[in-house]
Amino acid sequence: GVPGAADTATLNGGPNLVLTSDVAVGTLTIDAGFIDKTLSTQGRTLTFGGGTIRSGQLVGGFVNTGTLRIEAPDGATSTADGAILLWGSLTNAGTVRHVSGNVLTSQYLNPIGHIANTSDGVYEIGGSAGVLNLWGTGTFDNQGVLRKVLDGGTARLAPGSSSAAAYSV
C-alpha cells in the first residue's frame with residue numbers, strides 16, 4: 001500500500017511512479033537504483049519529513065519539513081549519470097544537506113524546476129555540489145539560510161538565484 005505519515009517511502013529501481021492524490025510520508029528515500037526513473041505528483045503534493053535523495057527525476061510539487069540529504073554522484077550532469085532532475089518545485093521548510101552531486105533545475109529547455117527555501121528553511125551546500133540550469137531558467141529562491149559547508153570544492157547555484165535572507169560562508 002501507500003506509505004503513511006509515519007512511514008518511510010523507499011524508491012530503489014522499479015517503474016516510474018505517479019501519485020494520484022496528495023501524500024504525506026514520514027521520510028522519503030530515493031536510492032541510486034532509481035537512476036533515470038521518474039517520481040511524478042501530477043499536480044499533487046508529496047510532503048515528507050526529510051530523508052535521502054540519491055538519483056531520479058522529480059516532477060511536480062515536493063515539500064520537505066525535516067532533514068533531507070542530497071547525495072548524487074559528483075560531476076553528473078544528466079539523469080543517466082545520476083544527477084537529480086527537478087521539474088516542478090521543491091519547497092524546503094526544514095534542512096537540506098546537499099552534500100554531493102547536482103540538482104538540475106532545467107535540462108535542454110525541458111520543464112523548469114524551482115527550489116524555494118522558506119524563512120524556516122536551511123539549505124547547506126557542500127563540496128562541489130550544485131544546483132544547475134542546463135539551458136533553462138530554473139530558480140533557487142532563498143528566504144531562509146543558505147550555507148556553504150565542507151571544505152574543498154566550489155559549490156554552484158544556478159543563475160536566477162535570489163535571496164532575501166542570509167548567506168553564510
Side-chain angles (χ1 to χ4, degrees), residues 1-72 76-80 82-96 98 101-123 130-144 146 157-164:
V2 175
D7 297 327
T8 296
T10 301
L11 303 175
N12 190 18
N16 294 328
L17 184 64
V18 178
L19 301 182
T20 57
S21 63
D22 291 339
V23 175
V25 297
T27 57
L28 175 66
T29 299
I30 302 177
D31 278 327
F34 203 69
I35 193 168
D36 220 15
K37 301 286 185 189
T38 301
L39 170 59
S40 175
T41 65
Q42 287 204 343
R44 310 288 190 212
T45 301
L46 174 58
T47 301
F48 49 93
T52 304
I53 299 177
R54 294 188 176 99
S55 68
Q57 300 176 47
L58 306 177
V59 179
F62 301 87
V63 177
N64 174 53
T65 60
T67 299
L68 173 66
R69 288 180 61 88
I70 296 175
E71 301 174 354
T77 56
S78 75
T79 56
I84 297 163
L85 182 58
L86 175 64
W87 289 354
S89 64
L90 171 61
T91 301
N92 178 45
T95 299
V96 171
H98 189 159
N102 293 314
V103 173
L104 308 178
T105 54
S106 67
Q107 182 177 9
Y108 313 119
L109 299 178
N110 285 319
I112 305 304
H114 305 281
I115 297 175
N117 194 39
T118 69
S119 60
D120 294 328
V122 175
Y123 197 103
V131 176
L132 305 179
N133 285 322
L134 300 180
W135 304 354
T137 57
T139 60
F140 185 103
D141 180 27
N142 183 44
Q143 301 297 317
L146 174 61
L157 280 181
S161 302
S162 66
S163 178

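Each residue takes its place number in the sequence, starting with 1.
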Checking Arg54 now: which residues fulfil salt bridge (charged side-chain N to carboxylate O under 4.0 Å, His left out) with it, not counting sequence neighbours?
Asp31, Glu71
Salt bridge (charged side-chain N to carboxylate O under 4.0 Å, His left out) partners for Asp120, two or more places apart:
none
List, one per line, each side-chain donor-acceptor pair under 3.5 Å for residues 13-27, sequence neighbours excluded.
| residue | atom | partner | partner atom | Å |
| --- | --- | --- | --- | --- |
| Asn16 | OD1 | Thr38 | N | 2.8 |
| Asp22 | OD1 | Thr45 | N | 2.9 |
| Thr27 | OG1 | Thr8 | OG1 | 2.7 |

Quick one: closest heavy-atom pair of Leu11 and Leu39, and the distance?
CD1-CD2, 3.9 Å
State, to 0.1 Å, how close Ala72 and Gly82 come at their nearest heavy-atom pair, and which atoms those are.
CB-O, 3.6 Å
Taking only residues two or more places apart in sequence, or in another chain, which ones meet Tyr123 in a ring-ring contact (aromatic ring centres under 6.0 Å, His included)?
His98, Phe140
Roughly how far, to the nearest 0.5 Å, is the [atom2] atom of [Y] from the [atom1] atom of [X]?
{"X": "Phe34", "Y": "Thr29", "atom1": "CZ", "atom2": "OG1", "answer": "12.5 Å"}
{"X": "Leu58", "Y": "Leu28", "atom1": "CG", "atom2": "CG", "answer": "8.0 Å"}
{"X": "Ile30", "Y": "Ile70", "atom1": "CD1", "atom2": "CD1", "answer": "10.0 Å"}
{"X": "Ser119", "Y": "Asn142", "atom1": "OG", "atom2": "CG", "answer": "10.5 Å"}
{"X": "Leu85", "Y": "Leu132", "atom1": "CG", "atom2": "CG", "answer": "11.0 Å"}
{"X": "Leu157", "Y": "Asn133", "atom1": "CG", "atom2": "CG", "answer": "10.0 Å"}

Taking only residues two or more places apart in sequence, or in another chain, which ones meet Asn64 in a side-chain hydrogen bond (donor to acceptor under 3.5 Å, both in side chains)?
Asn92
Trace of the side chain to side chain donor-acceptor pair (under 3.5 Å) decision for His114 with Ser89:
CA-CA 5 Å; His114 305 281; Ser89 64; over 6 Å; no
Sub-4.5 Å side-chain heavy-atom contact between Asn102 and Thr77:
yes
Please confirm whether the backbone N or O of Gly61 pairs with a side-chain atom of Thr41, one donor and one acceptor, at under 3.5 Å?
yes
What salt bridge (charged side-chain N to carboxylate O under 4.0 Å, His left out) pairs are there with at least one residue in residues 43-52, not counting sequence neighbours?
none
Set of residues satisfying side-chain contact (heavy atoms from CB on, under 4.5 Å) with respect to Ala80, sequence neighbours excluded
Asp36, Ser78
Report the residue from Thr67, Leu68, Ile53 that forms a side chain to side chain contact (heavy atoms under 4.5 Å, CB included) with Val96.
Leu68
Check each of Ile115, Thr65, Asp141, Val63 against Thr91 using the side chain to side chain contact (heavy atoms under 4.5 Å, CB included) test, and report the only one that passes.
Val63
